[in-house]
Novice: 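Structure provided below as structure tokens; questions to follow.
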Amino acid sequence: MINDKKVLFSGMQATGNLTLGNYLGALKNWVALSDEYECFYSVVDLHSITVRQDPAVLRKRARALLTLYIAAGLDPEKNCIYYQSHVSGHAELSWILSCFTYMGELNRMTQFKDKAAKHADNINAGLFTYPVLMAADILLFQSDVVPVGIDQMQHLELTRDVAQRFNAIYGDVFTIPEAYIGKTGAKIMSLQDPAKKMSKSDENPNGSIYLMDDPDTIMRKCKRAVTDSMAQIVYSDEQPGVKNLLNIYCACSGKTPDEAVKEFDGKGYGEFKMAVGEEVVSVLKPIQDRVKELEKDKVYIDNVIKNNAEKASYYANKTLRKVQKKVGFPERIR
Ligand code: TRP
């Protein structure tokens, strides 16, 4: 608990351009949770270098992501928004936890297997121990809840196992975190292939709406979205393209699928797609405007970066000192 609130931790990587799916599936939830919890939202740049990055691009994207957190509605006075690399406790705790994590456990991680297959020329040790660093992120702040997508659940389970193992040896050191799976359910799929998740690394840029796409681009992508020849707007698995567009429409407007289906009863796909596009624009445009405003204020963003890194370090060091003492590292002489 911090300030009588439960602690929440989550993070995103600044690799690729964030999509509408990332916003609706994650960021939007983060904003909704930010009053109830004491939140730490990190730009997890240590994780990013498990895959080869262009340094200038990574630096630029990390700043863009941090700015986007704020633009999307996370108040940096109330939420700790910071770069993982600015808080050395992440790496330090990760090392200690790696000595309490078994090779067998890491070998079972499906994301490692997927990434190893995708980056066969660079299967580095960091890619393998990635989940340990993620455990360190979470445990460093004694987090109670962690909003994550389904694809990260296995890592969260591992985090809980490692924390319990550590606690069993040394007493109650770590809070055991729970996953928070967002209520606003529906996964957003590719506009070009509704069987695939909308992804920031899609080779076909028309499949994804990027958060910084301008209104014309958004409208064009919606108009080109793949549907079917059934010429009816119903919410059904038999019409995955239409269903996905309805999900997008509902997530953006707050309407239920039933309401939306009624609204478009008897209308054609052309008109429907336009309405979806307009709804997306109305959600993204204010965020984009705010990003542009914030980008002009370098001093403000720099201050957020500095102050929040200090705040995060303060809480991180509390946990880290306790852990270091438990495992038997010598006390610091002051
Ligand atoms: N691995 C997460 C992802 O790629 C990002 C992440 C890193 C994270 N550390 C975390 C998410 C801690 C939640 C909690 O999506």
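First listed ligand is number 1; within each ligand, the first listed atom is number 1.
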Novice: Using a strict cut-off of less than 4.0 Å between a Lys/Arg side-chain nitrogen and an Asp/Glu carboxylate oxygen, indicate whether Asp213 and Arg220 qualify as a salt bridge.
Specialist: no
Novice: Taking all heavy atoms of Met274 and all of Met219, pick out the closest pair and write down the distance.
Specialist: O-CE, 3.5 Å
Novice: For residues Asp45 and Ser85, is any side-chain donor paired with an opposing acceptor at under 3.5 Å?
Specialist: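 Judged by distance alone, the side chains do pair up.
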Novice: For ligand 1, output the ligand-protein N/O contacts shorter than 3.5 angstrom; if there are none, return none.
Specialist:
| from | atom 1 | to | atom 2 | distance (Å) |
| --- | --- | --- | --- | --- |
| ligand 1 | 1 (N) | Tyr130 | OH | 2.7 |
| ligand 1 | 1 (N) | Gln152 | OE1 | 3.0 |
| ligand 1 | 4 (O) | Tyr130 | OH | 3.1 |
| ligand 1 | 9 (N) | Asp137 | OD2 | 2.6 |

Novice: Would Asp114 and Lys118 pass as an ion pair if we require N to O under 4.0 Å?
Specialist: no
Novice: Is it the case that Lys243 places NZ or CZ above or below the six-membered ring of Tyr235, under 6.0 angstrom from the centre and within 45 degrees of the axis?
Specialist: yes
Novice: Any ion pair linking Glu38 and Lys311 (charged N to carboxylate O, less than 4.0 Å)?
Specialist: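 Glu38 and Lys311: salt-bridged.
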